[in-house]
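Worksheet: the structure to be examined is printed underneath.
Just so it is clear: chains get the letters A, B, ... in the order the sequence lines come, proteins before strands, and each one is counted from 1.
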Amino acid sequence: MEIKADLCIGCGQCVIICPVQAIKLIDNIAVIDKTLCVECSICKRNADCLVNAIRSRRLKWPRVIRSPFSDVISTHKLTGIPGRGTEEMKTNDVTNRFGVDEIGFSIEIGRPGVGTHLGNIELFTTKLTSIGVNFERESPVSALLIDDSGHIKKDIKEERVLSAIIEFKVPLNKAILVLQAIKQIEKTIDTVFTVGVISQVMKNGAIPILDLLTQQGFSVRPNAKVNIGLGKV
Amino acid sequence: MTHSLHRTGKINDLKSDYIILAMLAAGINDKYPDAKQKLLRVAEILNQNNPVNIIPKPAWKISPVITATFIDIEMVKNVIQTLIQEDLGVSIVISGLISEIQEAVKETGLKMHTIHLSLGTFGRKELLPSEEILEITTMCGHHCVSPQSVKYYVELIKSGKISVENAAKKLSKPCVCGIFNPTRAIALLNKLSGIFS
Ligand code: SF4
Ligand code: SF4
């Protein structure tokens with residue numbers, strides 16, 4: 001994104017709306033910090049700039065990678081879904097992507113609202129690979145992996161995005177290793193991340209992962225997403 | 001898209017915050033000739049049950065996901081009942097308090113199939129805005145609502161330059177999925193601006 005300095009009247013609306021505070025008024029002109037800007041297009045869509053000073057630029061590699069991980073309107077080529085994730089459990093009543101005795105994880109780096117450089121993906125993917133995790137093939141993050149050890153392309157590591165979701169599933173008996181890895185990575189990462197855990201609900205209403213989460217010291221929020229089983233093949 | 005998952009807030013506030021999401025499975029039940037019609041029918045049902053927000057109408061035909069926000073679990077139950085009657089076969093996900101959803105599902109004769117639990121936020125939490133601001137900003141799970149815009153509108157409300165209702169409307173604008181709950185935002189903005197504590 002760029003701002004035409006000769007047009008800007010310094011109203012400050014774009015400064016207020018930028019989710020990562022990448023815009024500052026300098027001598028009454030809005031200036032974008034290119035390092036911080038995640039190319040989400042929110043300023044262009046929502047600042048209601050009276051003088052049309054906010055302009056999209058044609059982005060070159062590797063900067064172009066920022067947009068699909070930040071701009072909600074931008075559709076990832078791989079998933080065909082606008083946004084940063086996949087169908088995950090939303091259609092599990094049809095796909096059985098997460099079977100009984102399997103646990104899904106969604107780790108969203110940079111959320112809520114802080115952002116991340118893509119290099120942080122490797123903190124998780126290298127560690128998780130070493131404990132035998134296979135990543136969701138349709139996840140946009142999987143498309144960035146260049147080897148079986150969980151490394152990503154070198155030239156994109158410094159690129160900043162609003163968030164990147166790592167999605168995978170493991171057998172229930174391996175979930176403990178993932179939870180332990182999360183605790184370790186939390187100590188070293190330079191941003192925030194959210195963790196979601198996916199499980200089928202048993203016929204008697206039980207959720208098998210709950211006991212393990214408690215044992216490992218994780219607390220579960222009172223609100224969740226529930227697939228109510230109305231989907232049909 | 002775990003965009004409605006990590007909403008923060010106290011249990012009482014979350015009692016007026018539910019999202020219903022409808023989706024067909026790619027390459028499975030989205031390939032039938034009437035698939036799009038079925039998804040559109042779900043959008044109509046959601047729209048007829050008084051959502052406080054819904055994915056904009058022009059997007060209904062092109063988006064693979066339909067989303068709407070409700071402030072009352074009774075409305076959610078009405079939606080579920082209609083969906084059961086019409087038997088459209090579209091996958092439905094409800095986001096909100098587990099205890100309330102569990103009850104709604106039971107009352108309508110269904111069972112929870114799969115659950116996506118939130119373990120919350122980890123890492124450098126000192127980088128986050130205050131809990132009160134997060135309660136508003138996390139209502140757009142793609143984080144298109146900036147913390148400083150919340151502070152900005154709180155100041156405008158305090159100085160009488162904007163109504164709480166209009167401020168909530170302005171804050172909901174960047175959320176293109178229709179999952180930002182403007183009614184809940186009004187209550188939270190009232191608290192933040194000291195109108196109601
Ligand atoms: S909204 Fe437009 S005029 Fe106002 S500060 Fe931003 S670029 Fe300048
Ligand atoms: S594109 Fe997004 S991150 Fe960049 S300046 Fe605009 S609002 Fe900020």
Chain B contacts, top residue of [options] (heavy-atom pairs, under 4.5 Å):
options: A:V94, A:V195, A:V233, A:I198; value: A:V195
options: A:S219, A:G231, A:G205; value: A:G231
options: A:G113, A:C18, A:G104, A:S199; value: A:S199

Distance from [X] atom [atom1] to [Y] atom [atom2], nearest 0.5 Å?
X: A:D93; Y: B:N29; atom1: CG; atom2: CG; value: 8.5 Å
X: A:L162; Y: B:C144; atom1: CG; atom2: SG; value: 7.0 Å
X: B:H143; Y: A:E108; atom1: NE2; atom2: CD; value: 7.0 Å
X: B:Y153; Y: A:I16; atom1: OH; atom2: CD1; value: 7.0 Å
X: A:M202; Y: B:K111; atom1: CE; atom2: NZ; value: 12.5 Å
X: B:L97; Y: A:N223; atom1: CG; atom2: CG; value: 6.0 Å

When you look at [atom1] of [X], are more than 12 heavy atoms from neighbouring residues, nucleotides or ligands closer to it than 6.0 Å?
X: B:K77; atom1: NZ; value: yes
X: B:E165; atom1: CD; value: yes
X: A:K169; atom1: NZ; value: yes
X: A:K34; atom1: NZ; value: yes
X: A:I26; atom1: CD1; value: yes
X: B:K158; atom1: NZ; value: yes

Quick one: closest heavy-atom pair of [X] and [Y], and the distance?
X: B:L14; Y: A:P222; answer: CD1-CG, 4.4 Å
X: B:P147; Y: A:P19; answer: CD-O, 4.2 Å
X: B:S95; Y: A:K225; answer: OG-CG, 3.6 Å
X: B:S146; Y: A:I17; answer: CB-O, 3.6 Å
X: A:A224; Y: B:L5; answer: CA-CD1, 4.0 Å

- Query: Are B:T114 and A:N227 linked by a side-chain donor-acceptor pair shorter than 3.5 Å?
  - Reply: no

Checking [X] against chain B: side chain, backbone, both or neither under 4.5 Å from a heavy atom?
X: A:K187; value: neither
X: A:I103; value: neither
X: A:I109; value: neither
X: A:I185; value: neither
X: A:I189; value: both
X: A:V114; value: side chain
X: A:I209; value: side chain
X: A:Q13; value: side chain
X: A:T95; value: both
X: A:L230; value: both

- Item | side chain to side chain contact (heavy atoms under 4.5 Å, CB included) between A:D190 and B:R124, intermediate numbers included | CA-CA 6 Å; A:D190 61 4; B:R124 299 271 313 273; 4.2 Å; yes

Side chain / backbone / both / neither for [X] at chain A, heavy atoms under 4.5 Å:
X: B:L127; answer: both
X: B:L110; answer: side chain
X: B:V90; answer: backbone
X: B:D87; answer: side chain
X: B:L88; answer: neither
X: B:P129; answer: neither
X: B:I101; answer: side chain
X: B:Y32; answer: side chain
X: B:T137; answer: neither
X: B:I115; answer: both

- Task: Using a 4.5 Å cut-off on heavy atoms from C-beta on, say whether the side chain of B:L117 contacts that of A:R221.
- Result: no

- Message: For a 4.5 angstrom cut-off between non-hydrogen side-chain atoms, does A:R45 reach B:P174?
- Response: no

- Message: With a 4.0 Å cut-off on N to O distance, would you call A:D48 and B:K173 a salt bridge?
- Response: yes

- Task: Classify the ring geometry between A:F193 and B:F122 as parallel (under 30°), tilted (30 to 60°) or perpendicular (over 60°).
- Result: parallel

- Top residue by heavy-atom pair count (under 4.5 Å) with chain A, among B:A22, B:A26, B:G89, B:C140? B:G89

- Query: Does the side chain to side chain contact (heavy atoms under 4.5 Å, CB included) test come out yes or no for A:I182 and B:L119, once each step is laid out?
  - Reply: CA-CA 11 Å; A:I182 288 169; B:L119 305 189; 5.7 Å; no

- Message: Would the distance check show the side chain of A:R111 and the main-chain N or O of B:T121 forming a donor-acceptor pair, the cut-off being under 3.5 Å?
- Response: no

- Just by modelled atom types, is the A:V15 backbone N or O under 3.5 Å from a matching donor or acceptor in the B:Q148 side chain? yes

- With side chain to side chain contact (heavy atoms under 4.5 Å, CB included) as the test, would you mind laying out the steps for A:I228 and B:V93 before giving the verdict? CA-CA 6 Å; A:I228 59 171; B:V93 171; over 6 Å; no

